[in-house]
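Step one of this worksheet: look at the structure below.
Side chains are part of it too, since the values below use all heavy atoms of this structure and drop only hydrogens, waters and symmetry mates. Below, read A as the first sequence line, B as the second, and so on, with proteins coming before strands; counting in each chain starts at 1.
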2 protein chains.
Amino acid sequence: MSSNGFKQQLFAQFARIGKAMSNGNRLELLEFIAQGERSVEELAKVAGLTVANTSQHLQQLRQSGLVTSRKEGLKVYYRISDNDVIALFSALRGVADRHLAEVTLLVQNYLTSRDTLEPVPHHELLERVRDGLVTVLDVRPEEEYVAGHVSGAINIPPGELEDHLDELDAGHEIIAYCRGPHCILAFEAVARLRQMGFNARRMEDGYPEWQASGLPTRKLQ
Amino acid sequence: MSSNGFKQQLFAQFARIGKAMSNGNRLELLEFIAQGERSVEELAKVAGLTVANTSQHLQQLRQSGLVTSRKEGLKVYYRISDNDVIALFSALRGVADRHLAEVTLLVQNYLTSRDTLEPVPHHELLERVRDGLVTVLDVRPEEEYVAGHVSGAINIPPGELEDHLDELDAGHEIIAYCRGPHCILAFEAVARLRQMGFNARRMEDGYPEWQASGLPTRKLQ
DNA sequence: AATCTATTCAAGAAATTATTTGAATACACA
DNA sequence: TGTGTATTCAAATAATTTCTTGAATAGATT
């Protein structure tokens, strides 16, 4: 009798993995962790969760064997336990893409909505910055940023986007700009950010036009 | 603003797949369905669930796109929607095998426990049959079964096991016997059944010994 | 038409999960 | 040694899930 229900016990264990992946926030955390080792604080910020809540989700991920953690000084860093977890995640993503009509719809809708393709006009941006709703991203080289930028904007030079993801808040919409209305850097940044799942748009025109309109700017040094 | 939270919505959709796989009973159903099209009743029996409960689980599996169903007459047949679902399932299983210590333990324990390797003695079997706890399986050719078998045993001739899985109850322990204590058929059947996840053991001795002990038997015709 | 059968639906109880809040821990730095 | 910081823990609440029970449906069979 000791082995009775062996099969049930086994499937209950398999279900722990499913359970770990049964929550959108946990999946989002998992995806960020998949990009490289991350601290709890970073993860909380990027997922738009409280630190305590994030910590609890991370512990579930750890208990299900999907991630491991390591303490260094004050911080605890989480990482994917193994490549097979990445494979599992992408299998899940693939099944969702192919079999859930909602996903197809959602993606189509997002990529084609007027709202996401059109640049944000200056006046609209000003309001949203005031309300703390958006992150303004300057994608020009650092020298140009230092010489003057849209007030409140952060600078991530071209090509360094992937290394500075932790400076971006997933909950916020990101508005990117560079030198002018046809500057390719902003287009590229938006495309890249969207691929990574961020909610990104381009600002109408660029820094010179902003400055010329007398809108708030800032210089370093 | 219409696309705000796009990322969250997307992950929430991915989570539906995880949710579908977050329950042991559903995973067990999924595995049976993966072996081929099955009706609700068959699935309920093999998973040891009520029909209503099984139906509800199946609907969750269907809503998450993992299975599809087709109605024929009174019956509804469920099948895996696509091969990528099988791949997902086996990725999940693999991650569980490699990262959950409990799985390793469980399997090791099961394969090596005295309880599962030793044959069931006659007197123990009698009790359990009386209590309705076990399925007794006669693995001899049909002619021999017809000529006389252990009272209450069902017959699945050698080689036909895979075609008669629906006659077996996954909740029950299955006790297999054939001609005698060294008859290889019973050993094989137990090995095969265990591979398929059933809880199977061999009966001590075989039919001739059972009969000779004056224990309850039955003839057909 | 009446009955039977396989499945689904609906409602409710018990268990589990997600999130928030505030306190506890554990390490670093002054 | 005391203060600050990152993370975890613990308790409480709201929401969700699981399973049971009994009724409803829809297609066969008599």
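- Nearest nucleotide to the B:K71 side chain, out of D:dG27, C:dT19, C:dT20: D:dG27.
- Protein atom NZ of A:K75 is 13 Å distant from nucleotide atom C1' of C:dC27, rounded to whole Å.
- Picking from D:dC19, D:dT5, D:dT8 the nucleotide with the shortest atom distance to the side chain of A:L74 gives D:dT5.
- Atoms CD (A:Q8) and C1' (D:dT18) sit 15 Å apart, rounded to a whole Å.
- Judged purely by atom type and a 3.5 angstrom limit, B:Q59 uses its side chain to pair as donor or acceptor with the backbone of B:S55.
- Minimum atom distance to the side chain of A:S39 is reached by D:dT7, of the listed D:dT7, C:dT20, C:dA6.
- Side-chain contact of B:S64 with B:Q60: a donor-acceptor pair under 3.5 Å is absent, judged by distance alone.
- Residue-level contact check: B:Y78 touches the backbone only, with heavy atoms under 4.0 Å from sugar-phosphate atoms and none from bases.
- Heavy atoms of A:E42 sit nowhere under 4.0 angstrom from any nucleic acid atom.
- Of the candidate nucleotides D:dT18, C:dG22, C:dT5, C:dG22 has the atom lying nearest to any side-chain atom of A:A52.
- A:Q59 comes within 4.0 angstrom of sugar-phosphate atoms only, judged by non-hydrogen atoms across all strands, and of no base.
- Relative orientation of the B:F11 and A:F89 rings is tilted, given thresholds of 30° and 60° on the angle between their planes.
- Judged by distance alone, with hydrogens and angles left aside, the side-chain atoms of A:T54 form a donor-acceptor pair with the main-chain N or O of A:T50 at under 3.5 Å.
- Rounded to an integer number of Å, the gap from A:Q60 CD to D:dC9 P is 13 Å.
- We find that CG of A:L49 is positioned 9 Å from C1' of C:dT19, with the value rounded to whole Å.
- Rounded to whole Å, the distance from CG on B:L58 to P on C:dC9 is 12 Å.
- Rounded to an integer number of Å, the gap from CZ of A:R70 to C1' of D:dA6 is 14 Å.
- Counting non-hydrogen atoms under 4.0 angstrom, B:T54 reaches nothing in the nucleic acid.
- Nucleotide C:dT7 holds its C1' atom 10 Å from the CZ atom of B:R62, rounded to whole Å.
- Rounded to whole Å, the distance from CZ on A:R26 to C1' on D:dT16 is 13 Å.
- Under 3.5 Å, the side chain of B:Q56 and the base of C:dA10 form at least one donor-acceptor pair of N or O atoms.
- At a threshold of 4.0 angstrom between heavy atoms, the contacts of A:V40 are confined to the sugar-phosphate backbone, with no base atom among them.
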